[in-house]
Each structure stands twice: as structure tokens, then as C-alpha cells.
Amino acid sequence: MYEERIKTLIAQMTINEKAGQLQQCGPSLVGAFEVSFEELLDMMFDGRISQEEFGRLMSTAEQDFHEEDLKAGLIGSYNGIDNAATANRLQKIAVEETRLGIPLLFGYDVIHGFRTITPIPLAESCAWDEELWEKTAEMAAKEATAAGIHMTFAPMVDVAKDARWGRISEGAGEDTYLNERYGAVKVAGFQGEDLTKKNAMIACVKHFAAYGAAEAGRDYNRVDMSLQKLYEEYLPPYEACIKAGARAIMAAFNDINGVPCTVNASLLTDILRKSWGFTGVTVSDANAVAECVNHGIVPDRRSAAKEALNAGMNIDMTSNVYSENLAELIECGEVEEDVLDQAVANVLRLKYELGLFDYPYRTDEKREERETLCKEYRGLAREAAAKSMVLLKNVGILPLKKGTRLGIVGELANAKGEMTGAWAIGADVEACISLVDACRIQNVPYTYGAGYEEMMVNKEEIKKIAAESDVLIAAIGEHKEESGEAASRADISLPEYQVTMLNYMLETGKPVVAVLFNGRPLAIPEAAEQIPAILEAWHPGTEAGNALLDILFGAVNPSGKLTTTFPYTTGQCPMYYAHINTGRPGGKSKFTSKYLDTPLEPVYPFGYGLSYTNYEYSDLRIIKKKDAARITVQVQNAGRIDGEEIVQCYVQDVSAKRVRPVKKLIAFKKREIKAGETVSVEFTVPFDKLGYFNDEMQYVVEPGEFKFYVGKNSEECLAESIVL
Ligand code: BGC
């Protein structure tokens with residue numbers, strides 16, 4: 001549509017201006033505190049500065065936007081601009097003071113909300129709620145575009161089966177299909193139907209590809225896997241996002257089978273463009289083009305630029321390797337100008353699609369103020385947080401009766417800043433509501449005490465709190481920096497002092513409810529055994545405390561279900577439900593596939609979650625149609641409270657020429673079911689979804705028995721087979 005205009009523009013550009021369009025720049029702080037945006041992020045993530053300080057520095061410290069380069073047409077986009085005034089000021093320079101007046105593109109990590117923070121993606125995926133996913137993405141787009149942002153580096157759809165990997169918090173968990181749905185819906189929510197609308201934000205899907213399969217769960221680590229596994233389990237979510245219209249995609253830091261994704265032509269060109277028909281922009285991860293030297297795949301930055309561009313990497317995020325080297329590489333003929341032109345065309349196309357050439361300023365400070373943290377957004381954040389929580393255990397304690405006096409123990413209950421999760425750099429931390437804040441605001445009687453730090457766990461204090469309370473709430477889990485990027489853990493159990501704290505609480509004889517704040521599955525076998533009620537709250541976002549009270553006191557009936565397996569112990573990782581059977585599946589006899597020192601089963605399986613009512617499944621029927629299986633099941637709300645049930649449908653190819661998973665999610669539906677009501681839930685599963693990649697990498701649907709499982713989680717299902 002814009003191809004003629006793009007061609008005409010490119011014909012007027014110098015090589016340096018072209019390279020400039022491919023250069024994404026991060027602002028640096030100057031003055032007393034001289035660091036780049038990436039270093040500042042690094043400081044926040046490793047705890048040298050708090051998120052509050054990060055926010056303060058970003059809004060108050062003097063920043064260098066490399067304006068000389070901008071005026072010379074050497075910067076095409078920025079990462080990290082977070083307010084309308086700065087965005088418009090820089091845009092004005094680009095449009096009015098550069099030779100060709102090409103507008104800038106502003107990217108930012110709007111991962112689960114911008115200022116108003118919704119639950120971390122792993123949490124929100126537990127809502128299995130497409131409508132909610134879309135609404136929260138739309139809200140994030142409204143708030144972020146009001147601050148001048150054009151593109152978010154989201155959704156992350158890296159299938160993650162290893163709880164050690166900290167970035168499991170940023171995606172929809174371990175399942176391929178769930179990540180497909182989550183990703184596609186997020187893309188729709190961020191981008192809307194028309195990119196020229198001022199509320200629309202480009203979705204940059206990440207991290208292409210298979211970043212979640214990092215060996216040993218260690219961030220940035222290598223990925224080595226069969227092509228069949230890559231195509232069946234890891235690629236589909238990225239493809240689903242591209243099919244949903246995502247206009248940008250970020251390459252992953254890792255290598256796949258020896259080739260870093262940043263310079264991986266088979267991913268960036270063959271799969272992405274030739275097979276999937278992608279016409280948008282590819283973006284490197286931060287500094288990743290330069291890091292190809294560390295990978296040992298190129299001798300220097302110059303070769304990194306050459307390999308990356310030739311492989312199909314369009315935008316170099318902040319490593320400056322393109323601006324330093326592309327002109328010379330073209331002169332020497334090591335990179336064809338045509339390749340450069342194609343990359344530039346992809347960037348310009350996005351700018352045209354956003355309408356930036358006609359309307360470069362899509363917001364102003366008034367709109368920004370109006371659309372930041374408004375009441376409506378907070379309401380949605382609260383709803384999303386409550387829907388994302390997963391009730392893991394409840395032996396007759398929850399919901400609490402009105403007037404119950406709470407004895408709250410653990411610093412996480414009183415830590416606003418911890419509620420946002422790791423990737424919420426735009427968060428307004430002061431606006432967050434902790435559990436203690438919520439009790440105060442809502443006049444819930446409570447006593448709060450005891451700290452998060454080991455030395456502050458005080459038995460006497462816990463006894464005192466218990467004496468003044470009806471129910472004890474233990475706030476345990478992880479600090480937000482314990483999950484997310486560069487936050488892999490080799491031990492995912494609770495720290496010793498939290499176990500001690502729980503024991504002291506149990507010793508008081510008062511009922512104990514454990515509320516878990518965490519960004520990954522934790523290994524909690526003892527707690528699961530001893531604590532009578534456990535609520536997985538994750539890092540719930542701005543409205544954390546209010547949403548928690550909604551669940552604890554029963555204003556909202558919990559409906560979330562896990563999208564990630566909770567192992568017994570770290571040694572079982574990676575642990576996931578869709579595993580294959582060995583020739584010796586775990587059993588009583590010694591020579592079967594199992595561990596000597598830990599059970600084979602998880603503590604909580606994929607798909608698991610309780611509510612204040614209970615659901616009964618019956619009458620599973622499968623009708624074989626021409627091209628699809630029609631599956632129906634009756635689900636009864638057998639309790640006395642209305643609720644929402646997530647009905648899950650799995651399939652197993654019972655015998656095939658390649659080993660197949662014991663079960664694989666193929667469809668799900670979330671249904672409101674009134675107390676006492678029975679609903680009929682129907683799924684249609686096309687037969688062409690039942691295939692796999694054979695030895696020759698052809699997708700085949702093999703005739704034979706297919707067993708369908710329908711139920712409330714991956715373990716408790718009704719089952720029925722058909723033969724194809
Ligand atoms: C992360 C990306 C993120 C980028 C830009 C990187 O460190 O891996 O997920 O989008 O930074 O801030």
C-alpha cells in the first residue's frame with residue numbers, strides 16, 4: 001500500500017541515513033549520574049537501585065538523547081522514552097530538523113501494563129480468559145500510547161517448561177497452544193484493527209525463537225533441540241502472533257542448534273518471511289548484535305553487523321553496530337545495498353502504517369494525564385488480578401467471614417513495590433496497593449508484623465499477632481527481582497526463614513492461609529502438606545491488595561488454573577505435563593523411569609486450581625465428523641456458589657511413528673456456571689490439528705487411535721477414543 005512512497009523515499013536517502021533507520025537508540029543519563037538506559041535497567045534488576053529510584057532518575061535526571069545524531073538522521077527509533085513531552089520534542093526534531101523529516105518510532109517494554117500494572121503474564125495466563133487478555137492489552141496500549149509510545153516489546157510467547165528460568169514469569173507458561181492463544185489475543189489487543197488510531201500500539205513479539213528452552217534454565221543459555229521439537233512445541237506461538245497481525249518480532253538472545261537467533265537466516269528469513277509471509281520489522285534484543293562476538297560466531301563488531309543484516313535482522317537495538325559499520329560494509333561490497341534497502345523499507349513501512357508521516361504527534365500531555373492510572377484502568381487491573389490468582393489448597397478456611405481478624409505476617413504483604421513483578425519499568429509504584437494497604441482502606445481488622453528478612457522472623461511476635469487474630473495470613477514467595485530476566489534460580493524451594501516463619505505460625509494453632517507472591521512455580525511440598533489453605537497470587541500488579549481481599553473474603557470466587565507445573569523439587573526441572581512416555585514409564589518396579597528420592601508426580605499439575613464451589617464432569621461424547629471431532633461434556637456446578645470453570649480438552653496420539661506426548665492441550669473454554677446448574681460444553685477439534693512432524697520434517701496426521709481427555713485439569717479428566 002505504501003510501497004511506492006517507500007521506494008521514493010529510499011531513493012533519496014544516503015547510506016548513513018539508511019543505517020540510521022535501523023539504529024535504535026536508548027537515552028543515557030548524564031550529569032552526576034552517567035549511565036546508559038541499559039545500564040540503569042541493569043542496576044534496577046540487580047538491586048543496586050530500587051524501582052522507585054529508577055523511576056525518579058528517568059523522570060528527573062538529565063538525559064542525553066544523542067540529539068546531534070538525531071538531527072543528522074542517524075537515529076530511526078528509541079527504546080525507553082516514557083513520556084509525551086519528550087517523545088513529542090524528539091519527534092519534532094526528527095520531523096522538522098532532519099534532512100528528510102522521517103518520523104521516529106518509540107519502543108518500550110509495556111509487558112503487563114504501563115503505569116497501571118496488571119498481573120505478570122504467567123499469572124494472567126492462569127485466567128485462561130481471552131476477553132480479559134485482550135482488554136488488558138488494550139488498556140496498556142491506551143496508557144502507553146498516551147505517553148508517546150508506538151511499539152511494545154510484547155507479547156513474549158516463549159514456551160517455558162523449566163521453572164528455574166526466571167523469565168517464565170513473562171509468558172503464558174509451559175503449553176504451546178495456550179501461548180498461541182495468549183499471544184494472538186495480546187497482539188489483537190495491543191494493535192487494534194487500525195494502526196493509525198492513536199490508541200494502537202505495534203506488538204513486537206518475542207523472543208524468536210525458543211528462548212524459553214535455555215539449557216538448565218539458565219538465562220541466555222544455548223538451545224539445542226531437534227527440528228521436530230522446535231516446530232511442534234516452540235514455533236507455533238510466534239507463528240500465531242504473526243498470523244494475528246503482529247508487525248514486529250524480536251530475535252532471542254540464545255543460539256539454536258549453534259546459530260544465534262540474531263544472525264539466524266533460517267529463522268529470520270526462511271521461516272519468518274518465506275513460510276509465514278511476514279512483512280514487518282525484525283528487531284534484535286538489546287545489544288545482541290554486538291554480543292555475537294561473545295557467542296564466538298564472528299570475530300568482531302563489523303562482521304556481526306554484516307552477518308546480522310544479511311540474515312534478516314532489521315533493527316539493531318542499542319548496540320550501535322549498524323551505525324558504526326554498515327556504510328563501510330556497503331562500500332566494500334560485503335553487504336548488498338539492496339539488502340540494506342529492504343531492511344529500511346520494513347522500518348519505513350511500519351512508520352507509514354502507524355500514520356506517522358501524516359500525524360507524527362499522536363498524543364500530548366493532557367491526554368497523557370487523562371489516560372494514566374484512571375479509575376477504569378484500576379478496576380480492570382483488580383479484576384485481572386483476582387482472575388489470575390489460583391487457589392491451590394483450601395481445607396475449610398476460605399472464604400473468610402466478614403469481620404474475621406487477620407494476622408498478617410511477612411514483608412511481602414506490606415511491600416507495594418514488590419507487587420508489580422520484574423518487568424514493569426513504567427509502573428507507578430506509589431499507586432500500588434499492598435495487602436496491608438487494602439486492609440486499611442477497606443477497614444478489615446488486621447494486625448501486621450514480622451519481616452521478610454531472616455533475622456526478623458520472631459516467634460514471640462508471631463504468637464502475639466496470633467493472639468489478636470482469627471486467621472493468620474503468611475505472605476511468602478519471591479521478591480520481584482527473583483524472577484524475570486537474568487533471574488534464574490538453581491533452587492526453587494522456599495527460603496529457610498520462610499519455612500521457619502510458617503512453622504511458627506502453624507505452632508500457634510490458628511488457621512494459616514499462605515499467600516504466595518512469586519514469578520515462577522515454587523517447590524513447596526511441605527507447605528502443600530501442612531498449610532491448610534494456599535493461594536497463589538503471583539505478582540498481581542497495582543491492585544494486588546484489593547484483589548486479594550476480593551478472593552480471601554469471597555467477593556470473587558477463585559477460578560484461575562495453573563499454566564505451569566509445580567514440581568516437588570528443583571531436580572525434577574524441566575517438569576511439564578506434555579511429556580512423552582518412555583519405554584519404561586514410572587511404576588512400582590525398580591527399572592522404570594523415576595527418581596529414587598522424589599515422587600514422579602508434581603505437587604500441583606498443569607491446569608490445576610480450586611474454587612469455592614466444585615464442578616462435576618460427566619457424559620463425555622465424541623462424534624467423528626468429516627474433518628473434525630465434535631466433543632461434548634456436561635459440567636455441573638455441584639456447590640452452592642456461582643463460579644467460572646475452565647474446561648480443558650487434551651489429546652493423545654496413542655500410537656505413532658514418532659513418540660508423542662502423553663497428553664497435549666488442544667482446546668479450552670471458560671464458562672460461567674451458576675450454583676446447581678449443568679452446562680454442556682462443546683469443542684470442535686479439526687483433524688488437521690492432530691499431526692506431527694515426521695523424520696523428513698513433513699507435517700503428517702497419522703491414522704490410528706486418538707484419545708481425548710476432558711476435565712478440570714491435566715490429571716483429572718474423562719477420556720474417550722476415536723479411530724481415524
Ligand atoms: C530483554 C527484552 C527487552 C529488551 C528491551 C532485553 O534485555 O531481553 O525482552 O524487550 O531488553 O528493553
Side-chain angles (χ1 to χ4, degrees), residues 23-28 35-46 51 54-55 58 77-82 105-114 120-122 140 144 149-160 165-172 179 183 186-187 190 201-214 218-221 223 237-238 241 246-255 260-262 281-292 294-295 313-320 421-427 481 483-488 519:
Q23 200 54 66
Q24 187 160 93
C25 172
S28 331
V35 291
S36 68
F37 179 61
E38 280 74 34
E39 284 166 320
L40 195 68
L41 276 178
D42 207 20
M43 291 170 74
M44 179 180 70
F45 283 134
D46 68 18
Q51 182 165 7
F54 172 86
M58 282 299 289
S77 60
Y78 281 91
N79 173 18
I81 308 296
D82 67 351
L105 180 76
F106 296 108
Y108 198 86
D109 288 280
V110 185
I111 310 297
H112 49 109
F114 176 54
I120 55 167
L122 181 61
I149 293 161
H150 302 137
M151 168 161 82
T152 174
F153 302 119
M156 179 187 113
V157 290
D158 303 328
V159 169
W165 191 53
R167 301 196 82 168
I168 194 171
S169 62
E170 292 178 51
N179 271 284
K186 284 290 176 196
V187 168
F190 288 137
M201 175 165 71
I202 282 176
C204 178
V205 178
K206 67 190 189 186
H207 304 86
F208 189 50
Y211 184 34
R218 179 158 58 77
D219 208 1
Y220 316 122
N221 206 4
V223 172
Y238 310 106
C241 291
R247 298 303 290 140
I249 187 163
M250 183 188 293
F253 280 125
N254 54 281
D255 75 88
C261 298
T262 310
V281 161
T282 54
V283 185
S284 81
D285 205 333
N287 204 42
V289 182
E291 287 166 16
C292 286
N294 299 346
H295 276 288
M313 175 49 67
N314 301 156
I315 291 184
D316 166 10
M317 185 191 278
T318 62
S319 79
N320 288 334
W423 239 149
I425 51 172
E481 270 80 39
S483 66
E485 185 171 353
S488 295

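Given the structure is predicted, the values throughout are model-derived calculations rather than measurements. Positions are given from 1, in the same order as the sequence printed here. As the structure lists them, so they are numbered: ligands from 1, and atoms in each ligand from 1.
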Where the side chain of [X] meets the backbone of [Y], is there a donor-acceptor pair that is under 3.5 Å apart?
| X | Y | value |
| --- | --- | --- |
| H112 | L122 | no |
| K206 | F153 | yes |
| D158 | H207 | yes |

Could you check W423 against I120 for side-chain contact (heavy atoms from CB on, under 4.5 Å), going step by step and ending with a plain yes or no? CA-CA 8 Å; W423 239 149; I120 55 167; over 6 Å; no

Enumerate the protein residues lying less than 4.0 Å from ligand 1, judged by heavy-atom distances, in chain and residue-number order. N79, D109, F153, R167, K206, H207, M250, F253, D285, A286, M317, W423, E485

Dump the intermediate steps for side-chain hydrogen bond (donor to acceptor under 3.5 Å, both in side chains) on N287 and T318, then the final yes or no. CA-CA 5 Å; N287 204 42; T318 62; 5.4 Å; no

Does the plane of the ring in F106 sit parallel, tilted or perpendicular to the ring in Y78? Use 30° and 60° as the thresholds. parallel

